[in-house]
Amino acid sequence: MKMANSLRGEVLNLYKNLLYLGRDYPKGADYFKRRLKNVFLKNKDVKDPEKIKELIGRGEFVMKELEALYFLKKYRAMKQRYYSDINKTN
């Protein structure tokens, strides 16, 4: 039972982290929140620890992808601002 509790904690942390990252989602935070909730509810009855670990791994991959998406979005915005400022001064 102890393993199930530790996995439950991991799942809750994953959900919270994804929810936090979803605030800046391009299609909107509400859209992301609904999708996230549906995915977690769809898998709520999974009991096999190996399957749960696999799902957690998939969630962590999604987190990394979101972080990369946001980083790229910020980079492009900064680059656009920087280059538009240079072009205005010339």
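- Using a cut-off of 4.0 Å between Lys/Arg side-chain N and Asp/Glu carboxylate O, R58 and E54 are scored as salt-bridged.
- Within the structure, the salt bridge (charged side-chain N to carboxylate O under 4.0 Å, His left out) test picks out no pair touching residues 65-75 (sequence neighbours left out).
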Please assess M63 against L14 for the test side-chain contact (heavy atoms from CB on, under 4.5 Å), listing each intermediate value before the final yes or no. CA-CA 9 Å; M63 267 179 43; L14 179 63; 3.7 Å; yes
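- To the nearest 0.5 Å, atom CG of residue L18 and atom CZ of residue F32 are 5.0 Å apart.
- Listed by chain and residue number, F40 satisfy the ring pair (Phe, Tyr, Trp, His ring centres under 6.0 Å) test with Y15 (two or more places apart in sequence, or in another chain).
- Within 6.0 Å of CG on N38 lie more than 12 heavy atoms contributed by other residues, nucleotides or ligands.
- In this structure, the separation between CG on L7 and NZ on K47 is 12.0 Å, given to the nearest 0.5 Å.
- Taken together through direct or relayed side-chain contacts under 4.5 Å among Ile, Leu, Val, Met, Phe, Trp and Tyr, L69 and V62 form part of one hydrophobic cluster.
- Here CD1 of I56 is found 11.0 Å from CG of N43. Values are rounded to the nearest 0.5 Å.
- Legend: residues meeting side chain to side chain contact (heavy atoms under 4.5 Å, CB included) with K27, ordered by chain and number and at least two apart, are Y25, Y31.
- Using a 4.5 Å cut-off between side-chain heavy atoms of Ile, Leu, Val, Met, Phe, Trp and Tyr, with links allowed through other members, L36 and V39 fall into different hydrophobic clusters.
- With sequence neighbours left out, the side chain to side chain contact (heavy atoms under 4.5 Å, CB included) criterion links N13 to no other residue.
- Take R34 and apply the side-chain hydrogen bond (donor to acceptor under 3.5 Å, both in side chains) test, not counting sequence neighbours, and it matches no residue.
- Listed by chain and residue number, R23 satisfy the side-chain hydrogen bond (donor to acceptor under 3.5 Å, both in side chains) test with Y20 (two or more places apart in sequence, or in another chain).
- Heavy-atom minimum distance, L21 versus Y70: O-OH, 2.6 Å.
- Taking every heavy atom of both residues into account, V46 and L55 meet most closely at CG2-CD1, 4.1 Å.
- Remark: D48 engages E50, K51 in a side chain to side chain contact (heavy atoms under 4.5 Å, CB included) (not counting sequence neighbours).
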